[in-house]
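Presented below is the structure to which this report refers.
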Amino acid sequence: MSQGDALNAALRSAMSDARLSPRSLAARIGVTPKTVERWLADAELMPHARNRTDACQALKVDEQMIWPKAVQDRVKSGHDRELVQSYPYRSACPSTVWGELVEHATEQIYLAGYTNYFFWLEQPAFVETLRRKIDAGCRVRFLLGDPDGEVTRQRETVENVALSVSTRIHITMEHLERLRAAGGPEARFSSHEDAANHVSLSVFRFDQQVMVTPHLARLVGHDSPLLHLRRQGDGGMFDRFVEHAEELWTRGLPVTA
């Protein structure tokens, strides 16, 4: 049975359960019997919103059962169309997703996590990958927290883990040093004034896609939620998060060894 047949069968079954013929259903909702017959004959035919609502009330079923596509289109009609996927934990996102984002980026990669440590851990040959991207003309930027800053020390106390925040930042700095021979990525520390905002929200941009992690309480990055967004237009969530990250960049300070 095709998807279209299944959807027609759902409408027909609901009418049967309600003991309503096409003519009687039509009378209930104020349309012609031929209109209802067209709904039954063509699963791709989408009734007007008011008619869908009235039909579902008459049949005592949810719209999702009869016209699921209408529900999906309505849910994804605004800026939430930009949401590709959400994860309750950053660690739940497969490393292959990150790898594909890096690989497909051609214009810019902007990694504005506080430490950006996990990239070196999870992405094979990440130094070589970034070197290749830079050689191909892709702009690569890193925004890091200051390893000697007060916010970093406070965060280390809050997290209380063996691999401290400052250590994770220094590991990233060591890898960036290896990339200097290739022209190197641009790198900055967030300013002292912005450090608290930076440590609480990580933004990772790959051309027109972005991964965002709001850091929760004492949780380290991999235990915090993750949103995957793709830009669909002006003023959406993508633009809001990117503007935040760019503002931090404009006030950032040069990374020193």
Side-chain angles (χ1 to χ4, degrees), residues 1-98 100-101 104 201-206 208-217 219 222-242 244:
M1 179 179 290
S2 69
Q3 183 181 15
D5 290 337
L7 291 173
N8 286 335
L11 176 56
R12 195 177 302 276
S13 175
M15 290 172 61
S16 176
D17 291 343
R19 298 182 179 179
L20 292 176
S21 66
R23 182 177 296 277
S24 56
L25 178 59
R28 290 277 191 97
I29 61 180
V31 299
T32 66
K34 286 189 177 297
T35 297
V36 177
E37 290 171 359
R38 286 198 296 270
W39 297 347
L40 289 165
D42 185 358
E44 298 301 317
L45 184 62
M46 194 63 59
H48 293 300
R50 180 63 185 178
N51 290 339
R52 295 197 308 269
T53 299
D54 290 345
C56 289
Q57 288 177 349
L59 297 170
K60 294 182 173 56
V61 296
D62 291 332
E63 188 177 357
Q64 175 70 36
M65 173 183 171
I66 307 299
W67 293 291
K69 188 175 185 301
V71 177
Q72 295 167 3
D73 290 345
R74 183 169 65 247
V75 169
K76 292 293 184 180
S77 62
H79 290 307
D80 58 348
R81 290 181 300 133
E82 296 191 329
L83 181 61
V84 177
Q85 185 62 274
S86 62
Y87 303 89
Y89 304 90
R90 193 189 71 197
S91 56
C93 178
S95 60
T96 53
V97 172
W98 292 95
E100 289 171 1
L101 289 169
H104 294 156
L201 182 69
S202 295
V203 179
F204 309 99
R205 181 178 183 180
F206 309 89
Q208 299 303 298
Q209 298 189 67
V210 70
M211 305 290 259
V212 179
T213 295
H215 294 272
L216 303 182
L219 300 181
H222 63 261
D223 284 335
S224 292
L226 175 71
L227 301 177
H228 180 183
L229 305 171
R230 180 183 289 111
R231 191 177 192 274
Q232 298 290 347
D234 295 339
M237 288 196 295
F238 176 95
D239 283 355
R240 298 294 305 280
F241 285 121
V242 166
H244 166 81

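As the structure is a computational prediction, the values presented were derived from the model and not from experiment.
Checked against side-chain contact (heavy atoms from CB on, under 4.5 Å), A26 has the following partners two or more places apart in sequence or in another chain: V31, P33, V36. Every residue meeting the side-chain hydrogen bond (donor to acceptor under 3.5 Å, both in side chains) condition with D239, not counting sequence neighbours, appears here in chain and number order: R231. Applying the side-chain hydrogen bond (donor to acceptor under 3.5 Å, both in side chains) test to T32 and every residue at least two apart in sequence or in another chain returns T35. Partners of H228 under the side-chain hydrogen bond (donor to acceptor under 3.5 Å, both in side chains) rule, at least two apart in sequence or in another chain, are Q209. With sequence neighbours left out, A49 forms a side-chain contact (heavy atoms from CB on, under 4.5 Å) with R52.
The heavy-atom pair separating L45 from W39 by the smallest distance is CD2-CD1, 3.9 Å. For the pair A18 and A58, the tightest heavy-atom approach, listed with the atom from each and the gap, is CB-O, 4.4 Å. Taking all atoms of both residues into account, the shortest heavy-atom contact from L40 to P22 is CD1-CG, 4.0 Å. Residues S202 and H215 approach most closely at OG-NE2, 2.8 Å, considering heavy atoms. When every heavy atom of W98 is checked against every heavy atom of L226, the shortest pair comes out as CZ2-CD2, 3.9 Å. L59 and A14 make their closest contact through CD2-O, 3.8 Å (heavy atoms, listed as atom of the first residue, atom of the second, distance).
Note on residues 14-23: pairs passing side chain to side chain donor-acceptor pair (under 3.5 Å), not counting sequence neighbours, are S21-S24.
At least one side-chain heavy atom of L229 sits less than 4.5 Å from a side-chain heavy atom of L83. In this structure the side chain of F238 reaches within 4.5 angstrom of the side chain of R205, judged on heavy atoms.
Distance check: W67 CH2 to T53 OG1 gives 9.0 Å after rounding to the nearest 0.5 Å. Rounded to the nearest 0.5 angstrom, L25 CG and L11 CG are separated by 7.5 Å. L201 CG to T213 OG1: the interatomic distance, rounded to the nearest 0.5 Å, is 8.0 Å. One finds the CG atom of D54 at 11.5 Å from the CZ atom of R28 (value rounded to the nearest 0.5 Å). Distance check: Q85 CD to R230 CZ gives 11.5 Å after rounding to the nearest 0.5 Å. The CZ atom of R12 sits 7.5 Å away from the CE atom of M15 when rounded to the nearest 0.5 Å.
Proximity of a side-chain donor or acceptor of Q232 to a complementary backbone N or O of E82 within less than 3.5 Å is not detected.
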